[in-house]
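Accompanying notes for the structure given below.
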Amino acid sequence: CAQEGFEGAPNCSACPAHSFSPPRSFRRQHCVCDAGYSGGDGAECIACVPGLYKPSNGSSPCIACAPGFYSSAEAATSCSQCPPGSFALAEANTRLTDCTCNPGLTGPDGGPCEQCAKGKYTTKDIDGCVLCDAGTYSNATGSTSCLACPLFTLSPVGSDEQKDCACVKGYSGGAGGPCVACSAGSFKANNGSAECIACDAGSYSALTAATSCSSCPLYTVSAAGSDAKTDCSCQAGFTGEGGSDACSPCPAGSFKSEPGPSACMLCEAGKFNSLQGQNSSDACLPCPAFSTSLLGSSSREACSCAAGY
């Protein structure tokens with residue numbers, strides 16, 4: 001008998017549908033199922049359902065398509081591989097759309113899949129590419145996550161390189177870090193690569209990484225770059241400890257021309273000063289002609305006629 005038949009009496013009989021036999025076969029059991037069909041020798045052959053395949057003739061069962069492959073047709077003899085950049089996690093996949101884009105890629109189920117651009121990322125749980133959050137960056141295409149900026153730096157949303165990470169307030173350094181805290185006596189009010197700035201005269205900063213300086217207490221003054229409240233000393237015309245908030249104006253009849261904790265100086269004899277808080281000896285006015293006053297006189301009335309007048 002020819003192929004696809006077996007010898008019978010008196011003629012050769014055809015093998016069952018979708019089966020095959022070698023030449024000179026003489027039994028029905030010599031008929032084996034074609035590739036893509038499964039069944040016992042000489043028995044009915046049933047087509048492999050979508051998701052399964054059978055690559056060769058014989059009685060072996062249909063095989064499930066491996067992960068990353070699919071078969072959408074009946075009687076398949078092989079499975080199709082998912083498009084580039086995609087994968088099907090399960091076995092026995094039946095549709096092209098069972099292939100989903102790999103992490104770092106985006107696109108419809110079944111492809112085509114494209115890499116996320118720099119500054120973006122995606123995962124299996126995210127639909128499409130997403131901008132990196134503030135304080136992170138992605139410097140490669142196809143990222144599945146974003147990298148954290150170095151310590152004490154911050155970047156805008158969607159940053160695509162480490163240089164986008166700028167030093168935060170209170171810290172100074174180049175783009176991308178490292179960033180160093182402003183020393184006591186200085187501050188930095190904004191994010192960026194600017195240098196720390198010395199506190200102005202009349203203010204101070206006792207802490208590192210300061211974003212502003214504190215004003216000295218009332219009637220006190222400090223040098224630029226002061227790093228402690230005790231650097232604030234009583235201004236000219238006032239006396240006291242300064243940093244302790246206890247500066248008082250020099251009383252009438254006195255003055256103080258320099259800042260600091262020193263005492264007020266009395267107006268010399270023959271002069272008077274009727275005002276408080278004076279910062280110059282010029283505030284001590286001379287008594288009228290031919291009159292004099294005691295040391296520290298506080299009014300014109302303290303001036304009395306000299307002897308003989």
Item to check | Minimal non-hydrogen separation, S143 against K120, with atom names | outcome: CB-O, 3.8 Å

Next on the checklist: Pair S86, T100 - check side chain to side chain contact (heavy atoms under 4.5 Å, CB included), show working.
Outcome noted: CA-CA 5 Å; S86 67; T100 57; 5.9 Å; no

Item to check | Expected output: side-chain S233 to main-chain P259 donor-acceptor under 3.5 Å | outcome: no

Checklist outcome for this item: Nearest heavy-atom approach of S205 to C199 is CB-SG, 3.5 Å

Next on the checklist: Quick one, Y204 and C213 - any side-chain contact, counting heavy atoms below 4.5 Å?
Outcome noted: no

Next on the checklist: Rounded to the nearest 0.5 Å, what separates atom OG in S274 from atom CG in L285?
Outcome noted: 7.0 Å

Item to check | Backbone of G270 reached by a side-chain donor or acceptor of S293 within 3.5 Å | outcome: yes

Checklist entry - In Å, rounded to the nearest 0.5 Å, how long is the span from CG of L266 to NZ of K271? => result 13.5 Å

Next on the checklist: Between T239 and S262 (side chain of the first, backbone of the second, donor and acceptor by atom type, cut-off under 3.5 Å), is there such a pair?
Outcome noted: yes

Next on the checklist: Using 0.5 Å steps for rounding, measure from the OG atom of S183 to the CG atom of L207.
Outcome noted: 12.0 Å

Checklist entry - Roughly how far apart are S19 OG and R28 CZ, rounded to 0.5 Å? => result 7.5 Å

Checklist entry - Between the side chain of T94 and the main-chain N/O of S72, is any donor-acceptor distance below 3.5 Å? => result no

Checklist entry - Do S25 side-chain atoms and R27 backbone N/O form a donor-acceptor pair below 3.5 Å? => result no

Checklist entry - Quick one: does N279's side chain get under 4.5 Å of F255's, heavy atoms only? => result no

Checklist entry - Within the side chain of K118, is there an N or O that forms a donor-acceptor pair under 3.5 Å with the backbone of T141? => result no

Checklist entry - Does C48 reach the side chain of E74, with side-chain heavy atoms less than 4.5 Å apart? => result no

Item to check | C129 side chain reached by T106 side chain, heavy atoms, under 4.5 Å | outcome: yes

Next on the checklist: Does any part of the side chain of D41, heavy atoms only, come nearer than 4.5 Å to the side chain of S59, both counted from C-beta?
Outcome noted: yes

Next on the checklist: Would you say L151 ends up clustered with V180 if hydrophobic residues are merged whenever their side chains have heavy atoms under 4.5 Å apart, either directly or through other cluster members?
Outcome noted: no

Next on the checklist: Donor-acceptor check, side chain of N57 to backbone of A35, threshold 3.5 angstrom: yes or no?
Outcome noted: yes

Next on the checklist: Looking at Q29, I want to see if its CD is surrounded by more than 12 non-hydrogen atoms of other residues, nucleotides or ligands under 6.0 Å.
Outcome noted: yes

Checklist entry - Looking only at heavy atoms, what is the nearest atom pair of S222 and S203, with distance? => result OG-O, 2.9 Å

Checklist entry - Can you tell which of C79, S71, P55 makes a side chain to side chain contact (heavy atoms under 4.5 Å, CB included) with I63? => result P55

Item to check | Under 3.5 Å donor-acceptor, K229 side chain and P217 backbone | outcome: no

Checklist outcome for this item: Tightest non-hydrogen contact, residues L105 and T122, listed as O-CG2, 3.4 Å

Checklist entry - Can you list the steps and then say if F152 with C167 is a side chain to side chain contact (heavy atoms under 4.5 Å, CB included)? => result CA-CA 6 Å; F152 308 123; C167 295; over 6 Å; no

Checklist outcome for this item: When rounded to the nearest 0.5 Å, the distance separating SG of C82 from CG of D98 is 8.0 Å

Next on the checklist: What I'd like to find out is whether the side chain of P288 reaches to under 4.5 Å of the side chain of C303, using heavy atoms alone.
Outcome noted: yes

Next on the checklist: Between S257 and S280, is the side chain to side chain contact (heavy atoms under 4.5 Å, CB included) condition met? List the steps.
Outcome noted: CA-CA 5 Å; S257 57; S280 171; 5.5 Å; no

Item to check | Exercise: identify the closest heavy-atom pair between F238 and C234 | outcome: O-CB, 3.5 Å

Item to check | Any donor-acceptor N or O pair under 3.5 Å, side chains E161, Y137 | outcome: no

Checklist entry - Quick one: OH on Y121 to SG on C132, what's the gap to the nearest 0.5 Å? => result 7.5 Å

Checklist entry - Taking C-beta and beyond as the side chain, do F20 and D34 meet within less than 4.5 Å on heavy atoms? => result yes

Checklist entry - Do E44 and P16 touch side chain to side chain, with heavy atoms closer than 4.5 Å? => result no

Checklist entry - Judged by atom type as modelled, is there a donor-acceptor pair below 3.5 Å linking the side chain of N93 to the main-chain atoms of R95? => result no

Checklist entry - Given the rule that I, L, V, M, F, W and Y join up when any side-chain heavy atoms are under 4.5 Å apart, are L154 and Y171 in one cluster? => result yes

Checklist entry - Where do P61 and K54 come nearest, in terms of heavy atoms and distance? => result O-CD, 4.2 Å

Next on the checklist: Donor-acceptor check, side chain of K256 to backbone of A236, threshold 3.5 angstrom: yes or no?
Outcome noted: no

Item to check | Chi angles and distances behind the side chain to side chain contact (heavy atoms under 4.5 Å, CB included) call for L96, Y70 | outcome: CA-CA 7 Å; L96 172 63; Y70 69 97; 3.6 Å; yes

